[in-house]
Amino acid sequence: MTKSMSFVVGVIAVLMLLHAAYSTIQYRALLKITEDEFSGPPFEVLLELALVLVLSLFAGLTVPGNFRSILPDSDENRVVSLPANMNFMIFNHRGKAFPTETGLKLN
């Protein structure tokens, strides 16, 4: 499937999500008129939401493009080195408030 077709599937999923929200609002308004208790959205809306989930997952995985492998020897993947001036490195944090030895013994 092409990238543009996957994008259209994503747009359809968003439109279906808006339709499900509008349908639920209409259903709640109908329940207020008939003075019934709201126990949850109708089954059709839940089915539509499940379809929206599948379509949006599909579009979200196919629209960005193909996954590229991470090259371990690439210069872009290097770990940032520590600064040359070590005076500004602070190792005091709230983790030192926890006792280092709890005195608990496991039997």
Side-chain angles (χ1 to χ4, degrees):
M1 197 173 242
T2 64
K3 186 176 180 179
S4 62
M5 189 67 169
S6 299
F7 184 75
V8 170
V9 169
V11 170
I12 289 172
V14 169
L15 292 175
M16 286 177 64
L17 182 64
L18 293 174
H19 180 264
Y22 181 73
S23 296
T24 304
I25 292 170
Q26 269 190 327
Y27 179 69
R28 290 201 60 180
L30 178 69
L31 289 179
K32 284 183 183 178
I33 293 171
T34 60
E35 298 178 356
D36 288 336
E37 187 72 26
F38 180 75
S39 62
F43 179 72
E44 292 84 13
V45 173
L46 295 176
L47 189 65
E48 188 173 3
L49 288 174
L51 184 61
V52 164
L53 176 68
V54 170
L55 291 177
S56 61
L57 281 175
F58 171 76
L61 290 174
T62 55
V63 167
N66 296 332
F67 291 111
R68 294 177 25 190
S69 63
I70 299 174
L71 303 173
D73 296 331
S74 175
D75 289 335
E76 297 173 0
N77 296 332
R78 296 288 175 220
V79 176
V80 177
S81 62
L82 294 174
N85 188 356
M86 300 294 276
N87 293 333
F88 292 106
M89 296 189 73
I90 299 172
F91 295 103
N92 293 330
H93 51 79
R94 58 184 127 154
K96 70 178 183 179
F98 295 116
T100 54
E101 292 187 26
T102 58
L104 297 176
K105 295 182 181 179
L106 298 175
N107 293 331

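Numbers here are sequence positions counted from 1.
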Give the cluster check for Met16 versus Val8: same hydrophobic cluster or not, with ILVMFWY residues linked at side-chain heavy-atom distances below 4.5 Å. yes

Which donor-acceptor pairs under 3.5 Å do the side chains of residues 36-63 make with protein atoms, sequence neighbours left out?
residue	atom	partner	partner atom	Å
Asp36	OD2	Thr34	OG1	3.2
Glu48	OE1	His19	ND1	3.3
Glu48	OE2	His19	ND1	2.9
Ser56	OG	Val52	O	2.9
Ser56	OG	Leu53	O	3.1
Thr62	OG1	Ser6	OG	3.0
Thr62	OG1	Phe58	O	2.8

Under the rule for side chain to side chain contact (heavy atoms under 4.5 Å, CB included), what residues qualify as partners of Tyr22, not counting sequence neighbours? Gln26

